[in-house]
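Report on the structure given below.
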Amino acid sequence: MTSPGSESPDTSNADIRPTSNFLRDRMAEDVRTRKYGDAHVQTRFPPEPNGYLHIGHAKAIFLDFGLADEFGGKTNLRFDDTNPEKEEQEYVDSIQKDVRWLGYEWERLCYASDYFGQLYEWALQLIRTGKAYVDDLSADEIRQYRGSLTEPGKESPHRSRSVEENVNLFQRMKAGEFPDGSRVLRAKIDMASPNLNMRDPVMYRILHATHHRTGDEWCIYPMYDYAHGQSDSIERVTHSMCTLEFTDHQPLYRWYIEQLGIFPSQQIEFDRLNLTYTLLSKRKLLQLVQEGRVNGWDDPRMPTISGIRRRGFTPEAIRAFSASIGVTRTNGTTDIELLEHFQRDDLNRRARRAMAVLRPLKLIIDNYPEGQVEHFEVVNNPEDPAAGTRQVPFSREIYIEQDDFREVPPPKYFRLSPGKEVRLRAAYFVTAQSVVKDAAGNVVEVHCTYDPATRGGDSPDGRKVKSTIHWVSATHALSAEVRLYEKLFATANPGDAPEGGSFLDNLNPNSLEVLASAKLEPSLASARVEDRYQFERVGYFCLDPDSSETRRIFNRTLPLKDSWAKIEKKTGA
RNA sequence: UGGGCGAUCGUCUAAUGGUAGGACAGUGCCCUUUGGAGGCACUUGUCUAGGUUCGAAUCCUAGUCGCCCAGCCA
């Protein structure tokens, strides 16, 4: 017998290399042509600490860390913390925890805010070479001057200030002499460019805000475009992967690096992950948390890493999924069932089995001796003999699943019904004899007889039963709360708001069902948080961190595939 | 209506001028001490129209459709 709750060793990760993709091809080519000379491949994962990581980030992490590793390179974790108004230490901490949980360790922990000094010096350099200027236009005016998609912009009246005046003004911006929004530093590029990003983009804005790391040291903060490429360059990033919506920013990314004459990091874009029935927008996820639509960032229904971790998903499955979806430049939506498939596949191989009855129905074995207890040896994981066996107590009164008994069985229903014989998993064959009903006519108790010759679940005469059901001995049963999760959203594309509504209207009202009185086999007493189990015939479950000595709570990660449910649905049984 | 990016089974993805393949989903059968898992089989695809070529998903031309961009967000 192995120790309770321990999972079988991970065997799922050996073959997660996808066949081919353009990112790998690109890196291989750069290595082959020695594009960066003797420099090793360097990547970075650059989250903004303004929310929790989600499954979409897992794909980026897999690519940033995985690809670098394939080429013997390194990966930094870099916080893109250039906007103090939205960023918090809580997010910095959760992101590190999540990256590690996914199975990755960074070479260096970096912050864009580490480079504020250097970025400031470079801004001065651009001013001195006539490539940047301080603009006094308001945000509204800047927008108006920018033109539109089809019309060129107009140059700001402040565009031709002298270098001296620009230096002076910029230094005073930094010194805190001006209020928020009164001035910005802009790059002097081309107000007529068809690429809006090149129409004199803002480099610095004035923000008298306390930064989670630099405190009140700065009151001017660099914009993403001005900070990101240079941060890459400072870290000698060779391959800076980002999502498709940044494609239009690439000319600007290169422009800054070229004007400054610094290490030529290169940006490469790939497709963001989209999943059916899932929202992967930090803004909307934050809204769900703030409005209390879910119970925090780690609510097991959330697509956040912390949410699916609590739900019982494993890093191995997430990595296998990430590998399988591939990477391209086409915008698509991956079926959530694919993620679930990889999770079931992983858990099927590794999770210990146990018997648990979610909606108990008392089954009394009339011809079984009162007071007698037997212990049956049950395999812990039929997929992994090394997982060993355990002893499960059996007695005259047991609980079975309400679903496993029908007084009038529909066609193709093979479970217990009056006069029908089934196998109690690893125990005996039993035949239902009679039922006891309450005043409302509900079956509250089923009486049956057992065949002592079928001990262990085999019939010496070779007779077959159509079905095996699970059970828990009533006197030995542990009580537990079980939380059943369904999809958080009822529609495949939750971002599509209905007419006159919002994405919140797509929320699934039945995404959480709490079962207060489930019955568990006694071995589950030793379950620890993040242990994963398959409750036989029911699904995959794990202990929720809210559990205590007196209150046991299990989360359903995923139900097992259920072919009876399909038949039932089709025949309307 | 400017610019950028893209288009292969229902979905995701391979094929890098030479047999359109895989996975998920679906369907049927087999097997089963989990109606789980597993096994077998089946169905469905190169956006359109021209062209180059012995040969085109791949190259060319023209169209069509989709996504992204007008934050002092990232």
Side-chain angles (χ1 to χ4, degrees), chain A residues 18-22 25 46-48 50 80-83 85-87 135 137-139 142-144 146-153 180-186 193-199 201-207 220-221 223-225 227-228 242-251 269 271 276 282-283 324-342 344-345 348-349 353 355 378-379 382-383 412-415 423-427 429 454 456-459 465-470 534-539 559-567:
Chain A
T19 51
S20 158
N21 72 55
F22 78 99
D25 294 347
E48 184 189 10
N50 67 342
D80 229 328
D81 55 351
T82 57
N83 184 358
E85 293 183 325
K86 291 185 176 172
E87 297 151 7
D135 197 350
L137 255 28
S138 70
I142 286 181
R143 187 180 323 117
Q144 282 157 20
R146 186 154 32 226
S148 72
L149 293 178
T150 51
E151 295 156 338
D180 289 3
S182 58
R183 282 176 232 265
V184 291
L185 183 71
R186 293 230 252 170
S193 172
N195 182 342
L196 268 19
N197 295 119
M198 301 299 273
R199 318 243 262 228
V202 171
M203 295 166 59
Y204 273 93
R205 74 281 214 192
I206 301 173
L207 240 37
I220 56 172
Y221 290 92
M223 299 289 290
Y224 164 84
D225 285 304
H228 199 94
C242 64
T243 46
L244 250 22
E245 67 269 25
F246 290 99
T247 306
D248 287 344
H249 295 243
Q250 201 186 127
E269 312 87 14
D271 64 317
T276 56
K282 272 196 196 174
R283 205 204 97 236
S324 84
I325 57 178
V327 57
T328 64
R329 290 178 64 88
T330 67
N331 271 306
T333 304
T334 298
D335 198 328
I336 186 76
E337 303 234 38
L338 187 62
L339 208 212
E340 296 178 351
H341 161 76
F342 279 99
R344 285 195 181 95
D345 185 54
N348 176 50
R349 276 178 287 166
R353 313 289 128 123
M355 289 198 282
V378 185
V379 294
E383 302 293 321
K412 294 189 179 164
Y413 183 87
F414 301 139
R415 283 114 93 149
R423 172 168 37 235
L424 295 176
R425 171 78 158 143
F429 283 13
T454 57
D458 278 313
S459 59
V465 287
K466 286 283 242 179
S467 168
T468 299
I469 65 174
H470 58 99
Q534 183 197 104
F535 291 174
E536 289 206 42
R537 304 206 312 130
V538 179
L560 248 27
K561 287 210 273 182
D562 186 349
S563 52
W564 165 246
K566 269 186 198 171
I567 295 170

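Remember, it's a predicted structure, so these values are computed and weren't measured experimentally. The sequence lines fix the lettering, A, B, ..., with proteins before strands; numbering per chain opens at 1.
The closest side-chain heavy-atom distance from A:P201 to A:M223 is not below 4.5 Å. In this structure, A:I469 and A:L424 have side chains that are in contact, with non-hydrogen atoms separated by less than 4.5 Å.
Using a 4.0 Å cut-off between charged side-chain N and carboxylate O, A:E536 and A:R425 make a salt bridge. Residues A:D345 and A:R349 are paired through a salt bridge, judged by an N-O separation under 4.0 Å between the basic side chain and the carboxylate.
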Which letter, B, S or -, goes with each nucleotide of nucleotides 66-74 of chain B from 5' to 3', with contact meaning a protein heavy atom under 4.0 Å? -SBBBSBSB
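The shortest distance between the side-chain N/O atoms of A:K561 and the OP1/OP2 oxygens of B:A37 is below 4.0 Å. Contact between the side-chain N/O atoms of A:T330 and the OP1/OP2 oxygens of B:U13 is found at a separation under 4.0 Å.
Nucleic acid contact class of A:K412 (heavy atoms, under 4.0 Å, all strands): base.
Nearest to the side-chain atoms of A:T328 among the listed nucleotides B:C24, B:G35, B:U13 stands B:U13. With B:G36, B:U11, B:G26 as the candidates, the nucleotide lying closest to the side chain of A:E383 is B:G36.
Although no hydrogens or angles enter the test, the distance criterion places no donor-acceptor pair under 3.5 Å between the side chain of A:K86 and the main chain of A:E48.
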Pairing string, 5' to 3', for RNA chain B - Watson-Crick or wobble contacts under 3.5 Å, brackets [ ] where pairs cross, | to another strand: .((((((..((((....[..)))).(((((.......)))))....(((((..]....))))))))))).....
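Checking A:R329 against A:T454, the closest nucleotide of RNA chain B that is more toward the 5' end is the one next to A:R329.
The separation of B:C67 from B:C12, taken at their P atoms, amounts to 14 Å, rounded to a whole angstrom.
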